[in-house]
Amino acid sequence: SVMESMVEIDHTKLNNLHKIQEHEKFLIKLLTDSKSFIRKAIINHYVPIINQYVNQYLDAVDSPNRFNINDDLTIEIIYMGRKIGIGSVSTGEKIRLSFCISMAFRNFLNMMGHDCNVLFIDEIFDTGMDLSGLHRIMEILKKLNKSIFVVSHKDEIMGEFDVVLT
C-alpha cells in the first residue's frame, strides 16, 4: 500500500542541514560583501604580502614598473612615480607583469602551505618579449627547481631547457 511505502522523514537531520546551509550562506556573505569587516581584515593582512612578492619579481625581471593591489582590490601600475593604465604598458612589460603576478600568487600559496611542484607556461616568450626579459624570466625559472613545462615557438630558447619536445 501507499502508506507502507512512505518513508518517514527525520526532521532533526533536515533541520541540522538547514542550519548548516544558513551558516554557509552567512560565511559566504562575510567573505564576499565589500563592507564585511572580515573580508577587509583578510585583504588588509594578505594583500601587502602579495604586493611585496609581485614587486620583488618585478625587480628580478628588471621592470621599471611597480604594482599595487589596493584595499578595494583595484590594481595600480606605477611607472616613474606616476599611476598609469595597463594600456600604457608595452606588450613585453605586460608579459613580465603577468608572469610576476603569477609567480607572486604561487609564492603566496606556498606560504599558505599549498606547494606546487609543477609550472606550465604557455607562449609568454613568443610575442613582445625582448631578450633581456626572456633571460631574466629564465633565471627565475631555473631557480625554482620544479617541473616546468614551456610551450613556445621561439627557437632561441630551446637551448635553455633540459628536454625539448618538437
Side-chain angles (χ1 to χ4, degrees), residues 24 27-34 36-166:
E24 287 173 351
L27 291 175
I28 289 170
K29 187 174 181 181
L30 282 177
L31 294 174
T32 58
D33 183 354
S34 63
S36 164
F37 71 94
I38 291 180
R39 179 175 184 238
K40 287 180 183 180
I42 291 169
I43 289 169
N44 290 339
H45 182 75
Y46 290 114
V47 164
I49 296 167
I50 294 169
N51 286 336
Q52 181 180 356
Y53 283 143
V54 173
N55 287 303
Q56 286 173 350
Y57 278 110
L58 285 170
D59 287 339
V61 298
D62 202 27
S63 174
N65 298 310
R66 298 292 94 201
F67 177 84
N68 191 52
I69 301 172
N70 297 313
D71 294 344
D72 62 358
L73 298 182
T74 57
I75 294 172
E76 292 178 344
I77 301 169
I78 298 114
Y79 175 74
M80 309 261 310
R82 287 181 332 151
K83 293 179 195 174
I84 60 172
I86 191 70
S88 302
V89 179
S90 72
T91 301
E93 282 298 320
K94 284 178 190 170
I95 293 168
R96 288 180 195 210
L97 184 58
S98 181
F99 173 78
C100 292
I101 293 167
S102 296
M103 296 304 294
F105 275 98
R106 188 191 154 285
N107 280 21
F108 179 75
L109 288 171
N110 189 26
M111 179 191 87
M112 299 299 289
H114 304 287
D115 189 27
C116 181
N117 63 355
V118 66
L119 179 64
F120 292 90
I121 299 176
D122 189 15
E123 297 186 4
I124 68 168
F125 302 119
D126 293 358
T127 55
M129 177 66 66
D130 61 9
L131 284 176
S132 170
L134 184 142
H135 291 299
R136 298 277 185 167
I137 288 176
M138 289 305 302
E139 287 174 15
I140 292 169
L141 294 176
K142 287 178 181 178
K143 290 178 185 175
L144 289 178
N145 198 24
K146 303 286 180 186
S147 296
I148 302 169
F149 297 88
V150 177
V151 176
S152 179
H153 302 284
K154 204 168 207 167
D155 293 335
E156 295 94 333
I157 67 166
M158 287 196 185
E160 299 281 345
F161 300 98
D162 298 331
V163 178
V164 176
L165 303 174
T166 56

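Two residues are said to be in side-chain contact when any heavy atoms from C-beta on lie closer than 4.5 Å; L97 and I77 meet this criterion. Side-chain contact between P64 and M80 is absent, with no heavy atoms from C-beta onward closer than 4.5 Å. Side-chain atoms of I121 and I137, non-hydrogen and from C-beta on, never get closer than 4.5 Å to each other. Looking at heavy atoms from C-beta onward, Y53 lies in side-chain contact with M111 at the 4.5 angstrom threshold. Side chains of R66 and D59 form a contact here, defined as non-hydrogen atoms less than 4.5 Å apart. Counting only heavy atoms from C-beta outward, the side chains of F125 and E156 never approach each other to under 4.5 Å. With a 4.5 Å cut-off on side-chain heavy atoms, V54 and L58 count as touching. Considering only heavy atoms from C-beta on, Y46 stays 4.5 Å or farther from I69 through its side chain.
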Practice problem: Report the C-alpha separation of I38 and L27 in whole Å, then their side-chain angles, then the decisive distance to 0.1 Å, and conclude whether the side-chain contact (heavy atoms from CB on, under 4.5 Å) test is met. | Solution: CA-CA 10 Å; I38 291 180; L27 291 175; over 6 Å; no
Exercise. Start with the C-alpha gap between R106 and L144, add the side-chain angles, then the distance that decides, and say whether side-chain contact (heavy atoms from CB on, under 4.5 Å) holds.
Key: CA-CA 11 Å; R106 188 191 154 285; L144 289 178; 3.9 Å; yes
Exercise. With salt bridge (Lys or Arg N to Asp or Glu O under 4.0 Å) as the test, would you mind laying out the steps for R96 and D130 before giving the verdict?
Key: CA-CA 10 Å; R96 288 180 195 210; D130 61 9; 2.7 Å; yes
Quiz prompt | Verdict with reasoning, L109 to C116, per side-chain contact (heavy atoms from CB on, under 4.5 Å) | solution = CA-CA 8 Å; L109 288 171; C116 181; over 6 Å; no
Quiz item: Does the pair I124 and M129 meet the rule for a side-chain contact (heavy atoms from CB on, under 4.5 Å), with working shown?
Solution: CA-CA 8 Å; I124 68 168; M129 177 66 66; 5.5 Å; no
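Here the closest non-hydrogen pair linking S36 and K29 is CB-O, 4.3 Å. Counting all heavy atoms, side chain and backbone alike, T91 lies closest to G128 at CG2-CA, 4.0 Å. Between P48 and I43, the closest heavy-atom pair is CD-O, 3.7 Å. Residues V89 and K94 approach most closely at O-CE, 3.2 Å, considering heavy atoms. The two atoms that bring D126 and H153 nearest to each other are OD2-N, 3.0 Å, heavy atoms only.
A donor-acceptor pair under 3.5 Å links the side-chain atoms of N55 to the main chain of F67, judged by distance alone.
Distance CD1/I86 to OG/S98: 9.0 Å, rounded to 0.5 Å. Distance check: N107 CG to M112 CE gives 13.5 Å after rounding to the nearest 0.5 Å. The distance from atom CZ of F149 to atom CG of D122, rounded to the nearest 0.5 Å, is 13.5 Å. A distance of 14.5 Å separates CZ in F108 from CD1 in I101, rounded to the nearest 0.5 Å. The line from CZ of R39 to CG of L73 is 5.0 Å long, rounded to the nearest 0.5 Å. The OG atom of S88 lies 8.0 Å from the CZ atom of R82; values are rounded to the nearest 0.5 Å.
The number of heavy-atom neighbours closer than 6.0 Å to CG of N145, taken from other residues, nucleotides and ligands shown, is 12 or below. Counting non-hydrogen atoms of neighbouring residues, nucleotides and ligands closer than 6.0 angstrom, the NZ atom of K146 exceeds 12 such neighbours. Annotation for K83: atom NZ does not count as buried by contact number, only 12 or fewer foreign heavy atoms lying within 6.0 Å.
Side-chain contact of D72 with T74: a donor-acceptor pair under 3.5 Å is present, judged by distance alone.
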